[in-house]
2 protein chains.
Amino acid sequence: MSSEPVPPPPWRRSANKSARPHLSVATIVAAALRVMDAEGLDAVSMRRVAQDLGTGAASLYAHVRNKQELHELILEEVFRGLEVPTPDPRRWQEQLKELIGQTTRIMLARPGTAQISLQTMIPMRPGTLAAMDATLGILRCAGIPDQIADYAADALALYGTAYAYEASLWPSSEAGQAEARRRITEIEEYLSTLPADRFPHLLAMMRRPFHEENGSERFEFALDIFIAGLAKYADPGLTE
Amino acid sequence: MSSEPVPPPPWRRSANKSARPHLSVATIVAAALRVMDAEGLDAVSMRRVAQDLGTGAASLYAHVRNKQELHELILEEVFRGLEVPTPDPRRWQEQLKELIGQTTRIMLARPGTAQISLQTMIPMRPGTLAAMDATLGILRCAGIPDQIADYAADALALYGTAYAYEASLWPSSEAGQAEARRRITEIEEYLSTLPADRFPHLLAMMRRPFHEENGSERFEFALDIFIAGLAKYADPGLTE
DNA sequence: ACCTGAACACCGTTCAAGT
DNA sequence: ACCTGAACACCGTTCAAGT
């Protein structure tokens, strides 16, 4: 009457193996993306991802340095879909707008990636480097001096990322959106309570329909303004 | 031979009371700011702040709804120091630059506040509302139409905040900075390993001294470009 | 080389109980 | 009304032990 646990028969063992493939960076990133898409970036913890793979958190550390690296690998995976144009100096403004717009759309489509991008001080992987290289390419091709191109590419990437991050904070659930609208009403009531000269301009703005514009109007406007300001550094000989 | 614990004598009790004043929103926020300045925003947890006040985390919930609200109260406290100008239409560009610069400097001086600001989707407290109202004031005073002023104020605040956030990621410890430099060298080596046509523009940029500019040059440049692009919406009759 | 369970030192928030 | 300890359901990361 031994009380030792019965070991599983060998065919069970191999069945398990084929049902859940070996851990690898690829399977881990895939699981992390699944978790992020379903439950948001906050849920992409080492423990939660490991759970999705039927193992413990410690097992992931053989393939990934830490959580920050796992998040960066998600960003890289998402940016693989980026399509970069061949620079045409006469169309630099449209190309720039389209490229920054595309990176922003990619991040908006996967809420969570904008936050990773913002947290990743130094981009170190091909996907994100490709986006930066392409932006620089368009600017330099238009004859914009390197120093200016460098600063402009940095500012454009930062603004696009911050815009996507802010947009991705907007709750996706019906309940969350109702709560957000409630908070906006709350502050409108608060503003109209105050003496009229406390925040006169916010008050004046409130009389226009609040937050009613088309989703990307804000973003496009800011981009247009910045590109207009940038245009004076382009070389008219190249851009006609 | 009783084993009951001896109660503290009454004068000890009152000595304790004066040494650690009653909890209040003000004392909690002050403690939170102390923790943030000393150990960064990540350390500003309910438990850590409560510990600093000699109590348990649960006690804070009588004064503060949750951690997010505590963070917002830190932001509010920090923005109390903001000085807003009286708009002068002929100096709107300088005033705008100075105001956005000031908000950004405030956030840079207290690493952690930029992250809170970015996470606080809807600003709901006097300090942050004052900054937005002042920005709108300068723009409207220059004759910029309300819709444009709204978008521009939004973009300027977002860029300033994102810039401060990115800057605040830069490690403050000597060891952290060395590590960051090591990572930059790593990616430079990686780039020069690749075929020259993979990231040609990043490679070209690398030959210029990397990250060597004055701290706020990038920021000022982006602001100037945006304001230049904005200028065409100002009313020349007002701004001369 | 790869994987594991257990442990360590943390989280935010709730709740019944006390004053 | 305010405060408390304990509990619940989580974290990231390390490490000795297994295969």
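Separating the CD1 atom of Ile28(B) from the C1' atom of dC3(D) is a distance of 11 Å, rounded to the nearest angstrom. With rounding to whole Å, Arg47(A) atom CZ is found 15 Å from dT4(C) atom P. Arg48(B) places its CZ atom 10 Å from the P atom of dC10(C), with the value rounded to the nearest Å. Rounded to a whole Å, the CD atom of Gln51(A) is 14 Å from the P atom of dA9(D).
Phosphate contact (OP1/OP2 of dC3(D), side-chain N/O of Thr55(B), threshold under 4.0 Å): absent.
Note on Arg80(B) versus Glu76(B): no salt bridge recorded, every NZ/NE/NH1/NH2 to OD/OE distance being 4.0 Å or above. Between Glu77(A) and Arg125(A) there is no salt bridge, since no side-chain nitrogen of the basic residue lies less than 4.0 Å from a carboxylate oxygen of the acidic one. With respect to the salt-bridge test (charged N to carboxylate O, under 4.0 angstrom), the residues Glu179(B) and Arg182(B) qualify.
Rounding to the nearest 0.5 angstrom, the gap separating the CD atom in Glu69(A) from the OG1 atom in Thr120(A) is 11.0 Å. Distance check: Ser117(A) OG to His71(A) NE2 gives 13.5 Å after rounding to the nearest 0.5 Å.
Judged by Watson-Crick or G-U wobble contacts below 3.5 Å, the nucleotide dC10(D) has no partner. Using Watson-Crick or G-U wobble geometry with both donor-acceptor distances under 3.5 Å, dG5(D) finds its partner in dC15(C).
Using cut-offs of 30° and 60° on the angle between ring planes, the pair Phe219(A) and Tyr159(A) is parallel.
Less than 4.0 Å separates DNA chain D from at least one heavy atom of each of the following residues of residues 56-77 of chain B: Ala58(B), Ser59(B), His63(B).
With dT13(C), dA7(C), dC3(D) as the candidates, the nucleotide lying closest to the side chain of Met46(B) is dT13(C).
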